[in-house]
Amino acid sequence: MTSTTPIIIDCDPGVDDSYAIAMAHAHPGFDIVAITAVEGNVPARLTRHNALCLADTLGIDCRVAFGAEKPLRKAYDRDASSIHGASGVGDVVFDPPSIEPDPKPAWDVIYEEAIKAEGRLILFATGPLTNIALTLQHHPDLPKYINRFCIMGGGTFGNITKFAEFNVFIDPTAAREVFAQLPVEMIGLNITHAAALTEADFQEMLAIGGDSRPSKMLHELATFSERQSHLPGSDNSVIHDAVAVASVINPDLIEYDERYVYVEDGDNAENSGQTVIEPEDDPREPKCKVGMKVDRDAFAAMLKGVFHHYAE
Ligand code: RIB
Ligand code: CA
């Protein structure tokens, strides 16, 4: 029996967060030890509920912990419900969750599990980085227990402004603190847009059978995404967060540049929320692995593999 790697997914579910969690759970090499919820696509009340329901529906035996309800500094003044639906998970209607959240807050659960994993933990963040920043504030020695830290966020351009991607835009101060303390693997918009799925990809996923609750949930998500997640001016749809999980499952999926990256968090800065990618000769640490190229067909095949996994 090959050993599994403990992982945590900090997320703001979220349609694409839901695919990411389903992909992680389907991977035999991962053991999801915790799912932690943060404000983001929809208010924390909903991301918390969705995180519980996703763990319950997918049959993930893990801690589900609740984190921040608002960004570190600026008010949480917008969400992405126009993209993810009022519930945050498209048209998916969950059964009432049969599991309870962990009594401890996300930042203590992340730290406890990092210590328990003895340096093997892979931490994913697919929402605003508020919980990760709070974990670092409460437990400054967190970095020594983290094996890898992979985010969906940032990138070479924005989707809220031309500079800022949503997850970083919502809490730029948290992102600034996190990028300064952890070696980030950044799966940004330049990657997730390049990995967008075609109509034919969706037709293929929707044709994959399966009567299980996870299968039905994936079909509902795909039906919603095919309609709702189009890239501007394109028939292709983007499933941002699953690309971050796929990048760790398949080491050949992404080509990276090692760069120093900081986050602009000035309230009045036109580029607030920008992940500023410095030139290759900038000696500052920690270096960020900036995703620069993606094998789109390989990602599409991996996502289809998730549908087949739950249809078995
Ligand atoms: O900009 C895309 C990111 O913002 C995704 O993680 C999506 O779920 C939202 O959180
Ligand atoms: Ca997300």
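Throughout, numbering of the chain's residues begins at 1 and tracks the sequence. Counting convention: from 1, in listed order, for ligands and their atoms alike.
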Fill in: Side-chain H-bond candidate by donor/acceptor type, Glu185 with Ser247, under 3.5 Å
no
Practice prompt. Indicate yes or no: at least one non-hydrogen side-chain atom of Cys11 is less than 4.5 angstrom from one of Ile35.
Written response: yes
Fill in: the Ca ion (ligand 2) neighbourhood, protein N/O/S only, threshold under 3.0 Å
Asp12 OD1, Asp17 OD1, Asp17 OD2, Thr126 O, Asp241 OD2
Discussion item. Ignoring hydrogens and geometry beyond distance, is a side-chain donor-acceptor pair present between Asn131 and Thr36 at under 3.5 Å?
Written reply: no
Practice prompt. Mind telling me whether Phe307 and Tyr19 have parallel, tilted or perpendicular rings, with 30° and 60° as the class edges?
Written response: tilted
Worksheet item: Applying the 4.5 Å side-chain criterion to the ILVMFWY set and letting contacts propagate, would Val109 and Phe66 be lumped into a single cluster?
Response: no
Worksheet item: In Å, rounded to the nearest 0.5 Å, how long is the span from SG of Cys62 to CD1 of Ile32?
Response: 6.0 Å
Item to complete: Using distance alone, with no hydrogens and no angle criterion, decide if His139 and Asp108 have a side-chain donor and acceptor under 3.5 Å apart.
Response: yes
Discussion item. Could you check whether Asp12 and Thr47, counting side-chain N and O atoms only, form a donor-acceptor pair closer than 3.5 Å?
Written reply: no
Worksheet item: Protein residues near ligand 1, heavy-atom distance below 4.0 Å?
Response: Asp12, Asp16, Asp17, Asn41, His84, Thr126, Met152, Asn159, Glu165, Phe166, Asn167, His240, Asp241
Worksheet item: Is the NZ or CZ atom of Lys116 both under 6.0 Å from the centre of the six-membered ring of Tyr145 and within 45° of that ring's axis?
Response: no
